[in-house]
Asker: 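Below is a structure I'd like to ask you about.
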Protein chains: 2
Amino acid sequence: MSLLDASLIADVPPFRGINRENLVELLSKAKSERYEIGRTIFCQGEEAHSFFLLLDGHVRVIKVTPEGDQVIARYISNGELFGIAHALGLERYPANAVTAVDCVMLSWPGKLWGTIIEKYPTFATNTYQTVGSRLQETQNKLVEMATKRVEQRVANAILKLANQTGRKTDEGILIDFPISRQNISEMTGTTLHTVSRILSAWENKGIVKSGRKKITVTEDHQLALLAAGELYN
Amino acid sequence: MSLLDASLIADVPPFRGINRENLVELLSKAKSERYEIGRTIFCQGEEAHSFFLLLDGHVRVIKVTPEGDQVIARYISNGELFGIAHALGLERYPANAVTAVDCVMLSWPGKLWGTIIEKYPTFATNTYQTVGSRLQETQNKLVEMATKRVEQRVANAILKLANQTGRKTDEGILIDFPISRQNISEMTGTTLHTVSRILSAWENKGIVKSGRKKITVTEDHQLALLAAGELYN
DNA sequence: ACGGGTATTTGATCTAAAACAAGCTTCCGA
DNA sequence: TCGGAAGCTTGTTTTAGATCAAATACCCGT
């Protein structure tokens, strides 16, 4: 199953510390698949059949409310696990996952999780660490929502995307996948209109350059100040 | 160490499915302690020395921002684990924990966690399940913050408290520990003034009865409608 | 029973951001 | 190269809820 050389993948964080033999075994149980842009990987409420490791691309994790409002819980990048409902003792996926660009990922059948805990405890521990850091990250976002205003939240969201997935260009740090005003509003709990106004204002001040589904951060330090709420004009 | 009879504690959720021998062993490694009301159990940023199981009482888990704003992440009740930084691969506590009433709890040294995974895998699995459900709960709160207005969030918060920790009285369901308007505002991302106004309005409609640090829900169904945003007047 | 601290209520004003409403730009497929 | 859809901008109006500002109620210790 591995066209992927085990040695190439060995330093992806979820595999850190696993011995060679176990890694090869674990990879042999995975299915590798390509997902084209916009494809739904799994749906909220659906029975959790698999868990995934993203090898290349970006995935949006989306929560949908009964009223139809949509919130982007996080973006998954390169080398991250997702859809790990089984590790959390869940039978159903708690969110949707949709590719933001073309992706390649590994997947394991969810029912394998029990075996994994026993046979590859290092991998299990790494997975739990992922869960732990997501809990923290989510809690931090909650605090941010409760205490910061919209501009700071938007600054923070863009800053994080730039740091995690940004690509250096001659103009600044480009967020490396198509992201709309609407998407950013769904990450920060506001409206696309407000995001548009904020980005326009920043563009005038030379902090960002942006276009259709495209954002480049030119003055990340300024943006960090805005995120911290230290600058008001 | 166990004045506590193992058989009494055996059906506390984190211990579910553990065999008798392991349970006794696990309990023998715990320290049991009483914490009086208002006492700080641990602080955000402090090195994680122990993890805890609350046997009786209520604990507030609080996140503090660099600016000094305070957010109540959750209330811990009877039979719940908390301070489980070690299980998440963290070296420091990510929040404060303060008792909301007099409490009794068990604690284990954090450095034991490695041993626990090996020797009491069932307990470890239960712990991870706790983490999983907290991640979900936190994510749901985030969605709520992003999409619902203040009154709905307050309704939801009070409803949850009433369900989880409420005591039936002849007037309705009483939240069984002292909770101020300020506390509720810190749970819902608003101000004590707004909470006060909302409670006054509800009191006029006969949905709740409330006093100083005391709330009784008299019409929980009405409150559930408000939480869902189905009622506007 | 009194006094001071803590919690609550309620009014008045202000404002950030939502909602409403057009118009404009960019892209892509026919 | 044209037309329509999707995405973006920007002006205006509205409003939920914060902020400002007192006044009042309750509780506990002496």
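Below, all heavy atoms of this structure are taken into account, side chains as well, without hydrogens, waters or symmetry copies.
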Asker: Just to verify, what does B:Y35 make a ring pair (Phe, Tyr, Trp, His ring centres under 6.0 Å) with, not counting sequence neighbours?
Answerer: none

Asker: Going by side chain to side chain contact (heavy atoms under 4.5 Å, CB included), name the residues that satisfy it together with B:P13, two or more places apart in sequence or in a different chain.
Answerer: B:R16

Asker: Please tabulate, one pair per line, all N/O donor-acceptor pairs under 3.5 Å involving side-chain atoms of residues 49-68 of chain B, not counting sequence neighbours.
Answerer:
unit_1 : atom_1 : unit_2 : atom_2 : d
B:H49  : NE2    : B:E46  : OE2    : 3.3
B:H58  : ND1    : B:S77  : OG     : 3.4
B:R60  : NH1    : B:Y75  : OH     : 2.8
B:K63  : NZ     : A:N140 : OD1    : 3.2
B:K63  : NZ     : B:P94  : O      : 3.1
B:T65  : OG1    : B:E67  : N      : 3.3
B:T65  : OG1    : B:G68  : N      : 3.3
B:T65  : OG1    : B:D69  : N      : 3.0
B:T65  : OG1    : B:D69  : O      : 3.4

Asker: Applying salt bridge (charged side-chain N to carboxylate O under 4.0 Å, His left out), can you list everything that pairs with B:E137, at least two apart in sequence or on another chain?
Answerer: B:R74

Asker: Is B:S200 close enough to C:dT8 that one of its side-chain N or O atoms is under 4.0 Å from OP1 or OP2 there?
Answerer: no

Asker: Which pairs count as side-chain hydrogen bond (donor to acceptor under 3.5 Å, both in side chains) when at least one residue sits in residues 170-180 of chain A, sequence neighbours excluded?
Answerer: A:R167-A:D176, A:S180-A:N183

Asker: Kindly write out the residues that satisfy ring pair (Phe, Tyr, Trp, His ring centres under 6.0 Å) with B:H86, not counting sequence neighbours, or none if the list is empty.
Answerer: none

Asker: Whether the side chain of B:R153 engages the backbone of B:T188 through a donor-acceptor N/O pair (distance < 3.5 Å, no angle test) should be reported.
Answerer: yes

Asker: Can you name the residues that form a salt bridge (charged side-chain N to carboxylate O under 4.0 Å, His left out) with A:R34, not counting sequence neighbours?
Answerer: A:D102

Asker: Quick one: list whatever passes ring pair (Phe, Tyr, Trp, His ring centres under 6.0 Å) with B:H193, sequence neighbours left out.
Answerer: none

Asker: At less than 4.0 Å, is any side-chain N or O atom of A:T194 found next to OP1 or OP2 of C:dA17? Yes or no.
Answerer: no

Asker: Of the residues in residues 65-75 of chain A, which ones touch DNA chain C at a heavy-atom distance under 4.0 Å?
Answerer: none

Asker: The helix from C:dA1-D:dT30 to C:dA30-D:dT1: angle between its terminal axes, five pairs each, to 10°?
Answerer: 40°

Asker: Rounded to the Å, how far apart are A:R197 CZ and D:dC8 P?
Answerer: 15 Å

Asker: With a 4.0 Å cutoff (strictly under), does any side-chain N or O of B:R181 reach OP1 or OP2 of C:dA7?
Answerer: no

Asker: Please encode protein proximity along nucleotides 22-30 of chain C as a string of B, S and -, counting only heavy-atom distances under 4.0 Å.
Answerer: ----BS---

Asker: Please identify each residue that fulfils salt bridge (charged side-chain N to carboxylate O under 4.0 Å, His left out) with B:E144, with sequence neighbours left out.
Answerer: none

